[in-house]
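The structure under discussion appears below in the form of structure tokens.
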Amino acid sequence: MASSTTGEKKILTLKGGDNEEFILEESLVLQSELLKNMVKEERVSSIPLPSIKSKTLVKIIEYLKKHAELTPSNKEEFKNFEKEFVNVVLEELLDITVAVNYLKINGLLEFCCQAVADRIKDKSVEAVRKIFRIESDFTPEEESEFRKETPEAFEGDLDDTTN
Amino acid sequence: MEEDRCMEEVAKEFLQKPVKLSDVESNNDEADQLREEYFRKKRKLQDCLLSARSWRDLPPEILTEIADNFGIIDLLGFRGVCTNWRSASFLATAAIEYAPDTHPYFLLYNDEDEECILVNPTNDKKYTLNIPELKEATCLASSHSWLLLSQKGLIFFFCPFSHVRIDLPPFQESEISKGSAAFTSSLLSNDCVTALIRRKRHKFLELHVLERGDSAWVKYEYDLSLRFFCGVKGATFADECFQILDENDKMITFDLGNKSFEYYKIVKERRDPNIESLPFNYKEKCFSKSDFRKRMKLGNDVAISICAAYYAGSGDSVIFVKNEKFKAILDYDAQEFKGVWIQPRFFQLPPNYSW
């Protein structure tokens, strides 16, 4: 399957989970190791990504565009963009992080993980479980052992669940 | 379960109809079809793999990346959330606590109970930790985020946050006192060398040296009969030498290369070019000078015996904190505590690790 071309620029179609199509320059998707391999080695022009919601894909494409425009002079602007990029509800941050990991967009993955870490920092274990909707799967013995080892981590501020 | 089944199905389908890329080159029409089918299946398989979407079931590589952002307290908390998070953070060590020039935390403990207090010097936050291993232990050295402890005749390295312990070969001589030891590098490096220091009847300074992998300590002696060298107040390693300081202004060094001792007097003179400069910066009375008793909100009756520590400063420099005896303000009914400065990191030993 040959890539379609307009002028010199190669165009590529990404298909999100709900079959929405996104047409963009091939050069943009090269920031993703996964897509880069597909494009270079498998010579495809349309890539279905059924596991990624279109909403998430829109966000990621927005990032790829901004990142491609990054120059020393708009560094500050890009930093602000990045901050806003991860300033989303946790559920969306989860979707983005998983998708970015899957697509292997390295710099962005680190940034997303840092954003997740920032939401965990300075919170008690109970608060983190509540915010991230995780039920403990430790045995009661393990649970009480960890509580004994680091009581502070468990007894921290429970009210801080704003996320 | 749903995902498992989906994965199984795709995997089966994938295995039953293997399509090799070499077959594909021969026929163009078919080639495109086959190629597309091949990659459709390959991707479907991957998609199934990542369909588990909850914070708990994040892929381990993401959890590892997240865990690398934490300092010690957040890391301990992260590990307490669920089994997945705990196992994925196996390699996270709270490395950010080890940045050069970062002032170490203060760890306060005593012989009576298992509860210890850890203080972060940047924000004075206090944390309670249960570290039963520190009970009745004397700290001999603190560096590279490890403590070297002596307890009931045994000598061992210890990470107070992961509770990992590495026993060293038995040491037959009498007790070693607080701060009277040093080691050259991280315990994970193959050329780590440990030295225990003791004074023998004011006449000799003994250095007992153990290289990693050795099963016995090797003794070196330095004659003190013509020297003025008081009690050992800490030791460090810099410039390929163990550097041993006394209570006053004397220093004895032991060169690991030629196994020889040197004796120095430390002076404040800076101008004289004939005077060598110390290969490390040292601090005295860190605890009292930075008013830690008040910052930790400790009572007037608290007395602390603090073990020496050394850590990396900026560049290649070494910062060395000497032993400190912090006296209680109300001396008549003092509560005795022990303390040590430490850059808190979480270490677990790689499988098959042996000293």
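Predicted model only: the values in this text are computed from it and were never measured. So you know, we letter chains A, B, ... as the sequences are listed, proteins then strands, and number each from 1.
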Applying a strict 4.5 Å limit to non-hydrogen atoms, the region of B:R79 in contact with chain A is backbone
Check your understanding: When you look at CD of A:E91, are more than 12 heavy atoms from neighbouring residues, nucleotides or ligands closer to it than 6.0 Å?
Key -> no
**Within-4.5 Å side-chain heavy-atom neighbours: B:W55 and A:I131** = no
If one checks every heavy atom of B:K126 against chain A at 4.5 Å, the contacting part turns out to be backbone
(Q) Does any part of the side chain of A:F146, heavy atoms only, come nearer than 4.5 Å to the side chain of B:V81, both counted from C-beta? (A) no
Does A:R133 have more than 12 heavy atoms from other residues, nucleotides or ligands lying within 6.0 Å of its CZ?
no
Turns out that what part of A:I134 lies under 4.5 Å from chain B's heavy atoms comes down to side chain
Side-chain heavy atoms of A:Q114 within contact of B:E65, under 4.5 Å: no
If one checks every heavy atom of B:F161 against chain A at 4.5 Å, the contacting part turns out to be neither
Max heavy-atom pairs within cutoff under 4.5 Å with chain A, candidates B:C82, B:G77, B:A67, B:C116, goes to B:C82
From the list B:F70, B:W85, B:Y127, the residue making the most non-hydrogen contacts under 4.5 Å with chain A is B:F70
Determine yes or no for a side-chain-to-main-chain donor-acceptor pair under 3.5 angstrom, with B:D74 supplying the side chain and A:K121 the backbone. no
Given side-chain contact (heavy atoms from CB on, under 4.5 Å), test B:F78 with A:V125 step by step and report yes or no. CA-CA 7 Å; B:F78 184 81; A:V125 171; over 6 Å; no
Check your understanding: Any sub-3.5 Å donor-acceptor pair from A:N101's side-chain atoms to B:P59's backbone N or O?
Key -> no
Under 4.5 Å to a heavy atom of chain A? For B:E115 that would be neither
When the 4.5 angstrom heavy-atom criterion is applied to B:N130 and chain A, the contacting part is both
Value for OG1 (B:T83) from CD (A:E142), rounded to nearest 0.5 Å, stands at 8.0 Å
- Please examine the side chains of B:I62 and A:C113, heavy atoms only from C-beta on, and report whether any two atoms are closer than 4.5 Å. yes
- Does B:I73 reach the side chain of A:T150, with side-chain heavy atoms less than 4.5 Å apart? no
Closest non-hydrogen atoms of A:E135 and B:R56, given as atom of the first, atom of the second and distance, are O-NH1, 3.9 Å
